[in-house]
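Reckoned from all heavy atoms, side chains included, excluding hydrogens, waters and symmetry mates. What you are looking at is a predicted structure, and each value in this text was computed from that prediction instead of being measured.
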Amino acid sequence: MTRNVRRKRMMTSWLCCSLMSVSGAIAAQVQSGGVRADRLATTVGQPITLSLALPDDATWAEANVGQFIVRQSGGQRTVETDSAASREIALAFERPGYALVAVGAGSASQKGFRDSWQRTTYCTKFIVRVSDGSPKAPPPGTGLTAKVGGKVEIVPLMDPTQMSAGDDLPVRCYFEGDKLVGQAVTAIAPDGTSQSGNTDAVGATHFRMSEAGRWTVRFEREVEGVTYTAELIFEVPAPVAAGELRQKGDES
């Protein structure tokens with residue numbers, strides 16, 4: 001075997017290992033602890049599943065759930081988890097439209113304190129598309145760009161459900177209600193690639209929504225040895241074909 005062939009094989013092996021490491025790091029970042037949704041689109045009455053993945057393996061009933069709300073046009077409701085004896089919970093919606101689901105959860109050992117809501121180390125927000133079963137798009141959401149008051153929080157400054165691939169999404173980051181300046185933030189695309197940014201003097205940064213599909217915007221904040229993680233998870237709609245546009249126009 002010539003020296004050049006050996007060198008090419010070594011370089012190829014190094015490149016493959018490097019790509020695998022990067023992909024693994026991104027996957028680990030997306031799948032790290034907190035709350036996960038099996039899907040972000042459903043119909044009225046058909047539940048989605050939210051899975052809890054905390055370091056102590058607590059169930060929904062055991063975990064310190066300081067916040068679990070569903071905000072939709074017409075109001076906001078609280079979801080009770082005391083009787084959910086597993087790490088999965090089914091969540092259904094009573095009317096069509098985009099819904100904001102916000103969950104603040106943490107270790108079971110931090111449950112039962114007067115300030116338990118401030119001890120929630122994972123604060124996740126989902127935007128869920130709820131249809132009535134017809135092909136028409138659901139009405140725009142209400143309150144999707146408003147704060148929910150989590151310990152840590154990412155607020156989109158534009159409605160992600162009304163964006164298209166190629167648009168820029170500005171977001172603002174908060175800790176205990178205060179804007180975070182100079183905070184590192186990551187946006188993970190549907191294909192697993194990521195973008196990084198830092199918040200400016202008003203706690204904001206922006207990311208290019210390079211493709212349609214599920215996006216995760218997240219940051220971590222360490223305070224007094226405790227790491228708090230905020231996530232905003234949503235889907236950028238796929239482009240509508242010309243034929244579908246004509247069909248929707250006829251239906252309206």
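Not a single donor-acceptor pair under 3.5 Å links the side chain of T81 to the backbone N or O of A84. Put simply, the side chain of Q183 gets close to the backbone of E220: a donor and an acceptor are under 3.5 Å apart. The main-chain N or O of G112 is found under 3.5 Å from a side-chain atom of S116 such that the two form a donor-acceptor pair. With K147 contributing its side chain and G177 its backbone, the two residues share a donor-acceptor pair below 3.5 Å. A donor-acceptor pair under 3.5 Å is formed between the side chain of Q67 and the backbone N or O of V148. The backbone N or O of G149 lies less than 3.5 Å from a partner atom in the side chain of E153, making a donor-acceptor pair. Within the 3.5 Å criterion, the main-chain N or O of T227 finds no donor-acceptor partner in the side chain of R221. Side chain of R208 to main chain of S210: no donor-acceptor pair is present (N/O by atom type, distance under 3.5 Å, no hydrogens or angles).
Between F207 and W215, the ring center distance fails the sub-6.0 Å criterion. Side-chain rings of F126 and F234 stay apart, their centers remaining 6.0 Å or farther from each other.
We find the OG-CD distance between S109 and E62 to be 12.0 Å, quoted to the nearest 0.5 Å. Residue S86 holds its OG atom at 6.0 Å from CD of E88, rounded to the nearest 0.5 Å. Summarising the geometry, atom CZ belonging to R71 is positioned 13.5 Å from atom CZ belonging to R77; distances are rounded to the nearest 0.5 Å. To the nearest 0.5 Å, atom SG of residue C123 and atom CH2 of residue W117 are 9.0 Å apart.
Between the side chains of Q72 and R95, no donor N or O sits under 3.5 Å from an acceptor N or O.
A perpendicular orientation is assigned to the rings of Y228 and F175, their planes being inclined by more than 60° (bins at 30° and 60°).
Across all non-hydrogen atoms, the minimal contact from A165 to A212 is CB-N, 3.9 Å. In plain terms, the two heavy atoms of V152 and A230 that are nearest each other are CG2-CB, 3.7 Å. A pairwise comparison of heavy atoms in A204 and L157 identifies CB-CD1, 4.3 Å as the closest pair. Considering all non-hydrogen atoms of both residues, A85 and T59 come closest at O-CG2, 3.4 Å. Across all non-hydrogen atoms, the minimal contact from S194 to T186 is CB-CG2, 3.9 Å. G104 and T120 get closest at one heavy-atom pair: O-CG2, 3.4 Å.
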May I have the step-by-step check of side chain to side chain contact (heavy atoms under 4.5 Å, CB included) for E211 and D191, ending in yes or no? CA-CA 9 Å; E211 58 182 294; D191 65 1; 2.9 Å; yes
Applying side chain to side chain contact (heavy atoms under 4.5 Å, CB included), run through R214 and L40 and close with a yes or a no. CA-CA 8 Å; R214 181 184 292 209; L40 297 179; 3.6 Å; yes
Could you give me the CA-CA distance, side-chain angles and deciding distance for T121 and T229, then say whether side chain to side chain contact (heavy atoms under 4.5 Å, CB included) is met? CA-CA 6 Å; T121 49; T229 303; over 6 Å; no
Could you check D200 against T205 for side chain to side chain contact (heavy atoms under 4.5 Å, CB included), going step by step and ending with a plain yes or no? CA-CA 6 Å; D200 58 19; T205 187; over 6 Å; no
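I233 is listed as a side-chain neighbour of T124, based on a closest heavy-atom distance under 4.5 Å. Taking 4.5 Å as the limit, every side-chain heavy atom of Y122 sits out of range of all side-chain heavy atoms of V35. Counting heavy atoms from C-beta outward, D132 and P138 have side chains that stay 4.5 Å or more apart. L144 is listed as a side-chain neighbour of Y98, based on a closest heavy-atom distance under 4.5 Å. Inter-residue side-chain proximity for P170 and M158 is flagged as met; some heavy-atom pair is nearer than 4.5 Å. Contact check for S196 versus V185: no side-chain heavy atoms found under the 4.5 Å cut-off. Side chains of V103 and V101 form a contact here, defined as non-hydrogen atoms less than 4.5 Å apart.
Hydrophobic clustering (ILVMFWY, side-chain heavy atoms < 4.5 Å, transitive): W60 and V70 are in one cluster. Linking ILVMFWY side-chain heavy atoms closer than 4.5 Å, directly or via other members, places V236 and V130 in two distinct hydrophobic clusters. The same ILVMFWY cluster, assembled from side-chain heavy atoms under 4.5 Å apart, contains both V217 and F219. Using a 4.5 Å cut-off between side-chain heavy atoms of Ile, Leu, Val, Met, Phe, Trp and Tyr, with links allowed through other members, L180 and L232 fall into the same hydrophobic cluster. Note on V79: it does not cluster hydrophobically with I69, by side-chain heavy-atom contacts below 4.5 Å among ILVMFWY residues.
A salt bridge between K151 and E176 is present, with a side-chain N of the basic residue lying under 4.0 Å from a carboxylate O of the acidic one. Remark: E231 does not engage K125 in a salt bridge, criterion side-chain N to carboxylate O under 4.0 Å.
The number of heavy-atom neighbours closer than 6.0 Å to CE of M163, taken from other residues, nucleotides and ligands shown, is above 12.
In this structure, the salt bridge (charged side-chain N to carboxylate O under 4.0 Å, His left out) partners of D115, at least two apart in sequence or on a different chain, are R119.
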Atom pairs and distances, side-chain donor-acceptor, residues 47-57, under 3.5 Å, sequence neighbours left out:
{"residue": "D56", "atom": "OD1", "partner": "A58", "partner atom": "N", "Å": "3.1"}
{"residue": "D56", "atom": "OD2", "partner": "S107", "partner atom": "OG", "Å": "3.3"}
{"residue": "D56", "atom": "OD2", "partner": "A108", "partner atom": "N", "Å": "2.9"}

